[in-house]
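Indexing begins at 1, ligand by ligand and atom by atom, following the structure's order.
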Amino acid sequence: MMEKEKPVWTIVKILEWTKQYFADKGVETPRLDAEVLLCDVLKCQRINLYVNFDKPLEDDELKKYRDYVAKRANNEPLAYILGHKAFMHSEFKVTKDTLVPRPETELLVEQVAKLNKDKNPGKILDLGCGSGAIIVSLLQMLPTARGMAIDINAGAVKTAMENAESLGVAHRCCGLVSDLFSQIPVDIKFDVIVSNPPYIPTQEIAGGLAADVLKEPRGALDGGPKGLNFYERILQGINGFLTPEGMVAFEVGIGQGEQVAALCKAQNLIITAVCNDYANINRMVFATKEGSKYENEILALK
Ligand code: GLN
């Protein structure tokens, strides 16, 4: 009997096939994802795919790519398959213990860095640091600052510190496994407290989230019945850990801006600003006490 000839999978052929397969599976950007995964397998830039369209894949490359494609078709986020995600100007390691950093969060980092530009901030605390995207980026942008990266998930703290190390700020960053403030020594005070806590209302997680997002750690997404649990808990403890001149910065979910600002005001952080993201949705809340060194800048954000 004649042996059946194996099909030759060239770059162009496999990209076409995968694009269609991903599209059928509901992947939002099928061609782009197919290319990014293939670049990782072939250790090349996207431009090289186009230059080598007719090049056949080796068996081991094909095997690795098939494994990636199966994962992506099963809604695994691209960043988890690759193990990293670009944020600000750096690549951050991400794992299943960490949320995948979002472009909206880059806005939060930019605003906090801007508010602190001429302030020489001392200590910055990131509550719920995940991959460390926020605190590590801030330490890169604010060379006098020292940071504390806190997460309840030990795997997240480990990843945040690995990112601090690989991005050159580990000597100014301390990782701590803690449920919010609970493990922080009571005599430490911070000039800046920043957080992108879990803020999605519990019911929405069951109902309406994209399949990719459901692969991310539930503990990093679920903010309780109204999505406000973590803001309430953080703000209840805030005055024990914020310097009198300090500022807080939060990322918030849709429709939560004014509610979080009200929670800040209830703790005497009465100067507040609610700012929008690229989609014009309230996404950030900044707050400080009256008369603090941040007052004018925060008022100017409105
Ligand atoms: N931004 C994330 C999302 O919309 C949620 C992050 C969070 O809860 N902090 O999927």
With heavy atoms only and a cut-off of under 4.0 Å, state how Leu99 meets ligand 1: side chain, backbone, both or neither.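 Just the side chain.
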What are the atoms of ligand 1, with element, lying closer than 4.0 Å to any heavy atom of Val213?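 Matching atoms, with element in brackets: 10 (O).
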Considering the heavy atoms of Leu221, write down every atom of ligand 1 situated less than 4.0 Å from one of them.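 Listed by number with element: 5 (C), 8 (O).
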Considering Pro197, Pro198, Pro101, which one's heavy-atom position lies nearest to atom 9 (N) of ligand 1?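 Considering heavy atoms of Pro197, Pro198, Pro101, the nearest to atom 9 (N) of ligand 1 sits in Pro197.
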Heavy-atom nearest neighbour of atom 2 (C) of ligand 1 within options Arg283, Glu204, Arg102, Glu251: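 Looking at heavy atoms only, the winner is Arg102.
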Under 3.5 Å, is there a donor on one side chain and an acceptor on the other for Glu251 and Thr105?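 A pair is found: one side chain offers a donor N or O, the other an acceptor, under 3.5 Å apart.
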Side chains of Asn280 and Asn276: donor-acceptor distance under 3.5 Å anywhere?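 Yes.
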Does the N or O separation between Glu104 and ligand 1 drop below 3.5 Å for any pair?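 N/O-N/O distance below 3.5 Å does not exist for this pair.
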Which residue holds the protein heavy atom closest to atom 1 (N) of ligand 1, what is that atom called, and what is the gap in Å?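 Its nearest protein heavy-atom neighbour is Tyr199 OH, 3.0 Å.
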contact_flag Gly253 ligand 1 heavy-atom lt 4.0 Å: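 No, that is not the case, since the closest heavy atom of the residue is not under 4.0 Å from the ligand.
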Would you please test Phe181 and Phe241 for ring pair (Phe, Tyr, Trp, His ring centres under 6.0 Å) and show each step? CA-CA 8 Å; Phe181 300 110; Phe241 292 93; 4.7 Å; yes
Electrostatic pair Arg102-Glu216, nearest N-O below 4.0 angstrom: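 Salt bridge between Arg102 and Glu216, a charged N being under 4.0 Å from a carboxylate O: yes.
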With Glu76, the salt bridge (Lys or Arg N to Asp or Glu O under 4.0 Å) member among Lys71, Lys215, Lys96: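 With Glu76 as partner, salt bridge (Lys or Arg N to Asp or Glu O under 4.0 Å) holds for just one option, Lys96.
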Tell me whether the rings of Phe53 and Tyr50 are parallel (<30°), tilted (30 to 60°) or perpendicular (>60°).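 Tilted.
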